[in-house]
J.: 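Take this structure, written in structure tokens, and hold onto it; I'll ask about it next.
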Amino acid sequence: MRENKFHGVIGKPEYTKGEFPRLQIIDVSHNYFTGALPSQYMLLWDAMKAFKKVSNLKYMNVWENVTFNALGIVSGATLYNYSTTFVMKSVATSYGKIPANLAVIDLSSNNFSGQIPESIGSLKALYSLNLSNNALTGHIPPSLGTLTELESLDLSQNQLSGKIPQQLAELIFLQKFDVSYNNLTSPIPQQNQFHTFENTSFEGNQGLCGDPLSKKCENWLLPPSSALNKDADSNFAIELD
């Protein structure tokens, strides 16, 4: 449903359960939606809550009836593979066949506001999450660190503040990470995948410091374990700036 002229607020579900329980891919990017992110719907998207480990690669498909003549005689059914194209890791990716375990949310380029809900952390099968180019505020929820299958996370061009949670360093499959042009502060995590991200992933945040940015973290306290080391051969403490 991307690139239309849909507008307004995504309201509450009419039912308390059963709203799109098999939904794995939703793309409403480049529209005019406003209001909060649809967190109450996210709680009902059961297919995104558990990663499907399959030995043989399977694809999303459906059986369709086929009619071959003018009499309207249905000769049988055929297996039809779903296909789609969406932006993955900042590149438009075409899937002629969609893997059965692929879970993607793209709500980018709207005017969603408010905070990113902690409930997104329950969608542990997510492969890609794109909330960029909205008007989101508040902190990045640490619960995003539980999305262990995530390979692409784009939160750029919002109004997010506070720190980049250290929990995000646990996303060892993360290949694309972008929080540029927000109001983030504090040192950038230095563990695991964060060593691979370029400075463009963090630019536009005046309060961020540390690699890969040229701005050093001179006014930030280091973690207690590294703030003060004792030299075994002397009585002097080694202070680290």
Side-chain angles (χ1 to χ4, degrees), residues 1-4 6 10 13-31 33 37-67 74-110 112 116-132 141 143-155 167-168 170-178 192-193 196:
M1 296 188 290
R2 68 177 179 272
E3 296 181 2
N4 283 282
F6 298 130
I10 299 179
E14 292 186 15
Y15 307 100
T16 57
K17 59 182 180 179
E19 293 279 359
F20 308 118
R22 299 177 62 186
L23 185 66
Q24 290 180 223
I25 298 176
I26 179 169
D27 184 353
V28 295
S29 61
H30 297 275
N31 282 290
F33 287 116
L37 295 173
S39 58
Q40 291 181 302
Y41 279 99
M42 294 175 182
L43 291 172
L44 305 176
W45 294 342
D46 292 341
M48 298 189 191
K49 293 181 179 180
F51 180 75
K52 303 174 184 176
K53 292 185 178 180
V54 291
S55 56
N56 297 319
L57 189 58
K58 298 180 180 179
Y59 299 98
M60 296 183 190
N61 51 52
V62 64
W63 287 98
E64 283 193 339
N65 291 329
V66 180
T67 302
V74 177
S75 62
T78 184
L79 191 64
Y80 173 76
N81 289 309
Y82 288 120
S83 62
T84 189
T85 299
F86 52 83
V87 176
M88 178 75 70
K89 303 171 188 174
S90 301
V91 178
T93 303
S94 178
Y95 285 84
K97 295 180 180 180
I98 305 175
N101 58 0
L102 188 64
V104 176
I105 293 179
D106 190 343
L107 307 179
S108 63
S109 298
N110 282 279
F112 287 113
I116 300 174
E118 289 277 353
S119 58
I120 290 185
S122 67
L123 307 180
K124 301 186 186 303
L126 272 182
Y127 179 85
S128 175
L129 175 62
N130 190 348
L131 304 178
S132 65
S143 63
L144 294 184
T146 66
L147 305 179
T148 55
E149 301 298 327
L150 205 62
E151 292 193 14
S152 179
L153 176 60
D154 193 343
L155 306 177
Q167 289 86 340
L168 298 188
E170 302 301 319
L171 303 178
I172 59 175
F173 293 128
L174 199 60
Q175 298 178 19
K176 166 67 178 180
F177 179 70
D178 195 345
N192 300 328
Q193 293 297 96
T196 67

J.: Write out all pairs satisfying salt bridge (charged side-chain N to carboxylate O under 4.0 Å, His left out) with one or both partners inside residues 38-47, taking only residues at least two apart or from two chains.
T.: D46-K49

J.: In the structure I gave you, are the side-chain heavy atoms of T148 and K124 within less than 4.5 Å of one another anywhere?
T.: no

J.: Rounded to the nearest 0.5 Å, what's the gap from NZ on K176 to CG on L129? Could you check?
T.: 13.5 Å

J.: Could you check whether any side-chain heavy atom of F112 comes within less than 4.5 Å of a side-chain heavy atom of I10, counting everything from C-beta outward?
T.: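 Of all side-chain heavy-atom pairs linking I10 with F112, at least one is under 4.5 Å.
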
J.: Got F20 and L44 here, is their nearest side-chain heavy-atom distance under 4.5 Å?
T.: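 The answer is no; the side chains never approach within 4.5 Å.
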
J.: Quick one: closest heavy-atom pair of Q24 and L102, and the distance?
T.: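 Here Q24 and L102 meet closest at NE2-O, 3.0 Å.
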
J.: Rounded to the nearest 0.5 Å, how far apart are OG of S128 and CG of L150?
T.: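 Atom-to-atom, S128:OG and L150:CG are 7.0 Å apart.
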
J.: So do F177 and L168 actually touch side chain to side chain, heavy atoms under 4.5 Å?
T.: yes

J.: Which pair of non-hydrogen atoms, one from G145 and one from L171, has the smallest distance, and what is that distance?
T.: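 Heavy atoms only, the tightest pair is O-CD2, 3.5 Å.
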
J.: Work out which heavy atom in L147 is nearest to a heavy atom in G121; give both atom names and the distance.
T.: CD2-O, 3.7 Å

J.: Hey, what do you get for CG (D106) to CD1 (I25), rounding to the nearest 0.5 Å?
T.: 11.0 Å

J.: Looking only at heavy atoms, what is the nearest atom pair of L174 and S152, with distance?
T.: CD1-N, 3.8 Å

J.: Could you tell me whether the side chain of L126 reaches within less than 4.5 Å of the side chain of I105, counting heavy atoms only?
T.: yes

J.: Looking only at heavy atoms, what is the nearest atom pair of A125 and A103, with distance?
T.: O-CB, 3.4 Å

J.: Answer yes or no: is there a donor N or O on one side and an acceptor on the other, between the side chain of N31 and the main chain of N4, under 3.5 Å?
T.: yes

J.: For the residue pair F6 and V28, establish whether any side-chain heavy-atom pair is separated by less than 4.5 Å.
T.: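 Side chain of F6 against side chain of V28, heavy atoms only: no contact under 4.5 Å found.
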
J.: Quick check for you: to the nearest 0.5 Å, what is the distance between I120 atom CD1 and S39 atom OG?
T.: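 It comes to 8.5 Å.
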
J.: Check whether any side-chain heavy atom of M42 sits under 4.5 Å from a side-chain heavy atom of L123, and report yes or no.
T.: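 Yes, at least one pair of side-chain atoms sits under 4.5 Å.
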
J.: Measuring from E151:CD to Q175:CD, what's the distance to the nearest 0.5 Å?
T.: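 Output value for this atom pair is 4.5 Å.
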
J.: Between N110 and S29, which heavy-atom pair has the shortest distance, and what is it?
T.: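 Heavy-atom minimum between the residues: ND2-CA, 3.9 Å.
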
J.: Does the S143 side chain pair with the main chain of E118, one donor and one acceptor, at a distance under 3.5 Å?
T.: yes

J.: Got a second to check how far M48's CE is from I26's CD1, nearest 0.5 Å?
T.: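 It comes to 6.5 Å.
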
